[in-house]
Amino acid sequence: ILFFLNFGINYLLLRCVGRLGGKACFVPRLLLSAALGGVLSAVLFFAPAQGLWGLFIKALCCLLLCLTAFNVRSPGEALRLSLLLLSVTMAMGGGMALTALSGSQRIWVRGGVPYVHLPIQSLLFSFGAAYVLLSLAFSARRGERRAAPARVKICVGGQWAEVHALRDTGNLLRDPM
């Protein structure tokens with residue numbers, strides 16, 4: 001159960017990171033990364049690492065999941081995606097803790113890993129709320145860099161033409177459908 005729950009949550013978290021980080025989400029890579037995350041979660045649950053060593057191991061797991069899930073071009077991009085995965089995970093965990101504490105649930109900690117028994121509806125609600133809040137935060141930040149038309153000169157067969165084009169800003173162009 002621990003593996004499958006973490007597999008599902010990791011898949012949703014990685015989809016969220018891909019969307020917010022402007023990365024293409026290829027389902028086979030996301031599934032592989034989510035499975036790896038499920039295995040790592042089970043290992044860390046039953047063989048916990050404490051202190052700074054535990055923090056290092058969890059950061060390394062975060063980096064490994066991002067490298068497996070996305071086509072990363074530079075160390076800076078890997079760090080950015082890892083920090084984004086960490087922030088999405090913390091937002092999800094915070095939403096889950098808030099949901100648990102607003103009811104009569106208790107939060108247990110075993111080996112540095114918080115555990116709470118929540119119905120799947122509450123889990124999905126907390127994930128949805130965290131996703132909406134993060135989407136609002138990142139869309140406000142992206143609002144500064146709107147896609148603007150640019151003038152482009154094209155040479156074909158020795159003839160030049162100047163046309164208008166949309167600048168690809170990474171994740172701001174949207175399909176209208």
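Closest approach of Asn71 and Lys23 over heavy atoms only: O-NZ, 2.7 Å. Counting all heavy atoms, side chain and backbone alike, Gly38 lies closest to Asn10 at N-ND2, 3.4 Å. Scanning both residues, Val88 and Cys16, for their nearest heavy atoms gives CG1-SG, 3.9 Å.
Hydrophobic cluster membership of Val163, counting Ile, Leu, Val, Met, Phe, Trp and Tyr whose side-chain heavy atoms lie under 4.5 Å apart directly or via other members: Val152, Ile154, Val156.
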Show me the side-chain donor-acceptor pairs of residues 24-34 shorter than 3.5 Å, one per line, residues at least two apart or across chains.
from: Arg29; atom 1: NE; to: Thr68; atom 2: O; distance (Å): 3.0
from: Arg29; atom 1: NH2; to: Leu67; atom 2: O; distance (Å): 3.2
from: Arg29; atom 1: NH2; to: Thr68; atom 2: O; distance (Å): 3.3
from: Arg29; atom 1: NH2; to: Phe70; atom 2: O; distance (Å): 3.0
from: Ser33; atom 1: OG; to: Leu65; atom 2: O; distance (Å): 2.8

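Atom CD of Gln159 has 12 or fewer neighbouring heavy atoms from other residues, nucleotides or ligands inside a 6.0 Å radius.
Following chains of ILVMFWY side-chain contacts shorter than 4.5 Å, one can reach Leu12 starting from Val17, so the two form part of one hydrophobic cluster. Linking Ile, Leu, Val, Met, Phe, Trp and Tyr whenever their side-chain heavy atoms come within less than 4.5 Å puts Val72 and Leu84 in one cluster. Leu5 and Leu13 fall within a single hydrophobic cluster, where Ile, Leu, Val, Met, Phe, Trp and Tyr are joined by side-chain heavy atoms under 4.5 Å apart, directly or via other members.
Interatomic distance, CG of Leu40 versus CZ of Phe3, reported as 10.0 Å (0.5 Å rounding). The distance from the CG atom of Leu20 to the CG atom of Leu85 is 11.0 Å, given to the nearest 0.5 Å. Rounding to the nearest 0.5 Å gives a distance of 10.5 Å between CG of Leu86 and CG of Leu79. Between atom SG of residue Cys66 and atom CG of residue Leu14 there is a gap of 6.5 Å, rounded to the nearest 0.5 Å. If you take CD on Glu162 and NZ on Lys153, they are separated by 5.5 Å, rounding to the nearest 0.5 Å. To the nearest 0.5 Å, the span separating SG on Cys62 from CD1 on Ile57 amounts to 13.0 Å.
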>> Evaluate Phe56 against Leu52 for side chain to side chain contact (heavy atoms under 4.5 Å, CB included), listing each step before the verdict.
In response: CA-CA 6 Å; Phe56 174 74; Leu52 290 177; over 6 Å; no
